[in-house]
Amino acid sequence: MIRLYDYLLSVNCYKQRLLLSILDVPYERVDIDFYPGWEHKGAEFRKINPLGHIPVIDDDGYVLWDAHAILVYLACKYDPSGSWYPTSDPQRLGEVASWMLFAEGTTNTASAARLHVNLGYDFDLEACQAGAHRLFRVLDEHLWFREQQGQAWVASGESPTIADIALFGDVALSEDGGISRLDYPALRRWTERVQRLPGFIDMPGIFPVAKAPA
Amino acid sequence: MTITNGRRSGAATGPADPVAIDQWYAITALDEIPIGRTVRTELLGVPMSYCRDHDGSPLAWLTQDSLPAGAPVDARTLHAPLPTLADYGYLWTTVGEPDGGLFDIPETAEPDRRILNAGTFGIFTSGPRAVENFLDMGHLPFVHPGVLGQQPFTEIVDYQVEYRSSEIYAVNCLIFQPKAAAASTSGQMVNYTFRVPHPLCALLYKSTPEDDVRLDVIGLFVHPIDDGRVRAHLFNCLLDTVNTDGQLRRFQQGVLAQDKPILENQVPRQLPLDPDAEAPTRADKTSNAYRRWLSDLGMTYGVVARSNS
Amino acid sequence: MTAPDPGSLLHPVAGCADLVPRHVVKARLLGQDLAVWRADDDFVNVWADRCIHRGVRLTVAANDGAELVCPYHGWRYSNRSGNCAYMPAHPSDAPPRRLRVPTFRSEERYGLIWSGGSPEAEPPRLPHLEGEDTLVLRALPVNAPPDLALQGLLEWPCQPVPAPGDGASISCDSAGPFAVAVTARTGGTEEAVVHFVQPVDGGRCVIRPVMRGAPAADRRLSILRHHARQLEELRTRLESSAGSPVAVRGPSTPLQPLRRPTATAVSGRAPQLEVCVARKWLTAEGIAAFELAPVSGQLPSFQPGAHVDVHLPNGLVRQYSLTNGPGLTSVYRLGVKLEPDSRGGSRCMHVSVHEGDRLQLSEPHNNFPLRRDAARTVLIAGGIGVTPLLAMAQTLQRQELAYELHYFAQSDDHLAFGEVLEPLSTGLVKHLGLSPDQTADEIKKITHDYGTASHLYVCGPGPMIEATRAIAADSGWPEDAVHFEYFKNESELHDASSFEVRLARTGQTLVVGPGVSLLDSLRDAGVDMPSSCEQGVCGTCMATVLEGELDHQDVFFNDSERAAGDRILTCVSRAGGHKIVLDL
Ligand code: FES
Ligand SMILES: [Fe+2]
């Protein structure tokens with residue numbers, strides 16, 4: 001069984017829980033006392049991940065870290081439909097890779113602002129917020145044009161991919177870091193679409209949405 | 001309870017609200033403070049810094065240029081040291097002149113209590129909004145579903161609010177909880193008592209499966225960075241022998257993280273004290289009493305004061 | 001010419017296409033935060049973005065298609081009126097009508113939603129856009145004051161469509177105080193885009209471009225992209241020059257929410273609402289359905305179980321339950337069964353009231369409130385008694401609360417409001433053509449397993465209600481878990497007695513003679529007593545009793561309420577002895 005080294009309030013860990021839930025894959029959580037224990041920085045945990053960060057998965061002895069890399073692995077291995085990581089379609093795969101890199105940017109801005117505000121991490125809040133707004137403008141425009149083409153997700157095509165999962169957490173929790181989504185109506189509609197996916201689970205900080213009309 | 005530093009002398013700094021200024025505030029859990037290294041923060045908008053001295057005792061001072069964040073500290077070179085208390089596991093300080101020490105939590109003297117800071121979170125809200133949220137029962141089924149409350153069991157039956165030696169008590173507060181105790185298989189009504197001994201500190205007493213008589217104590221101690229931003233400390237003083245520190249923290253942090261976005265979406269951030277500003281119901285008796293109490297104290301910081309008309 | 005106060009105009013706040021189902025758009029106009037949402041009936045609500053309970057933004061609320069649900073304490077606010085429809089902390093209370101979110105104008109034009117504080121203003125009509133299809137281009141929020149954006153747009157000869165050649169002559173003209181029209185002419189063709197500027201606040205705005213004409217599908221996307229790219233360029237320019245201080249033009253007064261005509265509370269029998277019969281149809285054998293629309297303003301809000309008094313053209317007053325489910329706030333929908341022994345009420349409704357007629361109504365009253373905190377809710381309807389239970393069932397269904405609606409009727413043809421019943425499918429159980437004994441057996445089965453937090457609601461013919469109450473009591477249902485509403489009082493009234501009444505507050509003493517009701521005696525003495533059914537059914541004419549034995553003849557109170565003897569329905573009940581004292 002997959003073991004996920006996890007912290008309830010980590011967005012990057014949440015991305016894994018979300019995908020595992022959507023794919024309906026059983027797993028076991030190992031709670032890391034991220035704060036205030038900083039257990040992931042301790043010698044014990046560094047034996048598992050020398051970089052000292054979570055999430056990490058251990059899939060029957062196969063150990064992998066880095067949130068977005070784990071998403072790739074999980075989707076390839078546990079999504080028989082092949083739609084979450086579309087390896088058979090070079091163009092869509094390219095888009096997914098591109099937006100996954102973009103998600104590194106949202107992690108380093110929006111989610112960094114959140115760590116600063118919540119836990120006092122030593123980041124420049126204003127720089128993080130400004131950086132997140134720059135990226136959100138791009139993403140909002142991208143999603144607006146997707147809608148104009150009758151499509152709902154970050155990468156082209158009919159179904160969501162792990163790029164949606166990678167971006168969703170950073171966006172949905174941005175207000176924790178003082179980043180309002182007032183100016184991003186397409187982004188707000190997209191987060192609700194993600195929240196209505198079958199198997200969706202939330203994490204503390206995400207407001208529930210009403211069901212889609214029958 | 002000891003005051004480890006002398007009283008601050010010199011001009012008052014911060015907001016023109018003696019009620020807010022002349023209070024002790026919990027700044028950080030003692031065991032989270034680095035030894036001999038500066039940490040900068042603000043209290044009531046006043047830049048201040050703190051660390052622990054090499055003997056472990058807490059130090060706090062008005063921020064000075066020569067000590068940037070992380071700088072090594074020599075207690076003798078502080079220009080404007082602030083008084084400190086080391087109580088209930090936290091460093092407390094003040095930028096005013098409090099009338100005496102801190103409120104008493106007698107349960108902390110019991111030897112079998114687990115006392116810990118379950119977590120500290122920064123939230124964009126005012127101190128009074130954060131405290132009011134802690135005192136609020138009606139939100140439990142909506143904001144903490146499946147844990148501290150459950151829909152559709154949303155009724156708040158009448159309870160009593162009392163003033164005892166200038167503190168607020170709300171007693172016989174009943175709420176249906178799906179997981180009142182770790183061992184419960186079905187939900188049950190639990191009985192809470194709330195206590196407000198300080199404008200920005202509140203305590204909650206709750207029965208525990210581990211003791212028939214004594215109660216678990218959970219507290220919210222607010223550190224007001226300014227009038228729209230706080231750090232909220234979750235204080236635990238429990239009779240729990242089952243859960244690890246990590247489990248207790250996960251639970252409490254999860255709860256606080258659910259409240260955070262609610263607090264950050266309340267407008268205005270400051271708590272309106274005018275009875276007409278927001279529409280209370282009978283379920284909000286405690287929060288009404290708290291608003292009136294702040295108003296009577298003359299608190300103006302972090303609130304929208306009552307209009308005089 | 002002096003510029004008009006922006007607060008006196010309507011401005012765009014969203015694109016119509018932004019209002020997808022079950023979503024709440026976050027907007028800001030002239031410093032006022034707004035929650036904009038479309039209900040399932042397509043009505044667009046523009047509300048102040050703030051829950052009146054504890055100030056939480058309603059843009060984080062859930063839009064369930066009929067109501068916005070605040071995430072903090074679950075208060076529900078109704079489509080159109082903005083009235084609080086339910087406060088979960090007090091499941092048996094009807095929220096006071098004054099609990100209402102401030103609401104603003106909402107108009108649709110040119111694919112945009114327009115709002116503002118003025119009751120009279122209209123969205124602008126521009127010759128550039130009239131009489132043709134329009135295409136809403138991508139709107140762009142700009143961190144620069146509205147004035148600066150308007151100025152920038154005037155100096156920005158953008159080609160609205162991808163270069164049809166360099167020879168285009170482009171003109172930018174002001175098209176009203178908050179719009180700039182761009183026209184490009186090449187050869188015989190002319191393209192026009194109007195840029196509406198939504199004044200967000202002193203330092204920000206949203207540029208909302210609308211293009212004339214609907215381009216062919218294959219050009220559409222390239223036009224959208226082309227324009228978005230150009231606007232993006234303008235934004236960069238505007239935002240870099242916005243660094244320097246500019247004159248800020250805000251509204252001189254804060255945005256005024258819509259003022260709705262509030263029905264003044266008049267007691268006695270005076271009607272308070274004028275409505276028009278918008279629709280009348282035969283919904284089942286012998287049952288006429290009516291939709292009553294307000295002649296002006298909005299209908300007062302109500303909770304499931306409520307009824308209104310209808311003042312009939314023939315002078316009679318009758319109570320009819322509202323069948324409306326959540327979200328249906330534009331009309332009151334009721335059902336009237338033609339009673340063979342009608343005193344003239346149902347006959348008049350069936351025969352003399354037609355579509356287009358006007359009727360006078362009371363405000364809704366609710367003596368049959370629905371709790372929404374039950375683990376199980378059982379609704380038992382006999383015939384026309386289904387009407388209040390339909391409102392309840394729709395409410396429970398929408399909130400996904402467990403319920404059963406047991407509908408007893410003669411036959412399929414006697415089932416009213418089929419279109420409402422259909423979507424209830426899971427909770428609905430029909431019991432057709434049963435004798436009274438079979439009905440009682442059925443009710444025994446339904447109620448045999450009482451569990452805590454269960455509630456039973458029954459409405460129908462008197463004998464059926466009595467049977468249900470008795471059966472439920474036998475099966476262990478506590479009295480306060482059994483709720484009932486009689487449609488009429490079928491018991492014979494005894495009014496032969498004569499007695500004395502003292503009014504504690506005024507000190508008056510009256511004598512009520514045989515054949516005269518206590519209510520009429522009170523009114524004769526100048527007491528302004530409200531009343532409605534005057535049959536001991538509705539509870540409107542209730543008075544508090546301070547002293548004296550009572551002879552209850554109503555069907556309103558349950559047994560323990562009767563035994564308490566502290567309240568009396570003055571329309572039918574009398575003193576048991578020779579004197580009572582009322583708190584009047
Ligand atoms: S704040 Fe909205 S329901 Fe209480
Ligand atoms: Fe809470």
*Contact part of A:Gln148 toward chain C, heavy-atom cut-off under 4.5 Å: side chain, backbone, both or neither?*
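Backbone plus side chain of A:Gln148, per the 4.5 Å heavy-atom cut-off to chain C.
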_Residue A:Glu147 versus chain C: region with a heavy atom under 4.5 Å_ =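 Contact with chain C is absent: no heavy atom of A:Glu147 under 4.5 Å.
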Most contacts with chain A, counted as non-hydrogen pairs under 4.5 angstrom, among [options]:
{"options": "C:Asp40, C:Val25, C:Val69, C:Leu221", "result": "C:Leu221"}
{"options": "C:Arg220, C:Arg235, C:Glu232, C:Glu400", "result": "C:Arg235"}
{"options": "C:Asp64, C:Val206, C:Leu224", "result": "C:Leu224"}

Would you say the rings of [Y] and [X] are close, in the sense that their centroids are separated by under 6.0 Å?
{"X": "C:Phe196", "Y": "C:Trp114", "result": "yes"}
{"X": "C:His73", "Y": "C:His53", "result": "yes"}
{"X": "A:Trp153", "Y": "A:Trp190", "result": "no"}

Under a 4.5 Å heavy-atom cut-off, does chain A meet the side chain of [X], its backbone, both or neither?
{"X": "C:Asn63", "value": "backbone"}
{"X": "C:Val60", "value": "both"}
{"X": "C:Arg57", "value": "neither"}
{"X": "C:Ala27", "value": "backbone"}

*Worked check of salt bridge (Lys or Arg N to Asp or Glu O under 4.0 Å) between A:Asp170 and A:Arg114*: CA-CA 9 Å; A:Asp170 297 332; A:Arg114 180 172 172 271; over 6 Å; no
*Does A:Arg137 make a cation-pi contact with A:Tyr184 (under 6.0 Å, within 45 degrees of the axis)?*
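No, cation not above the ring by the 6.0 Å, 45° rule.
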*Quick one: does NZ or CZ of C:Arg225 land under 6.0 Å from the six-membered ring centre of A:Phe145, within 45 degrees of the ring axis?*
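So C:Arg225 does make the cation-pi contact.
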*Could you tell me whether A:Lys41 atom NZ has more than 12 heavy atoms of other residues or ligands within 6.0 Å of it?*
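Yes.
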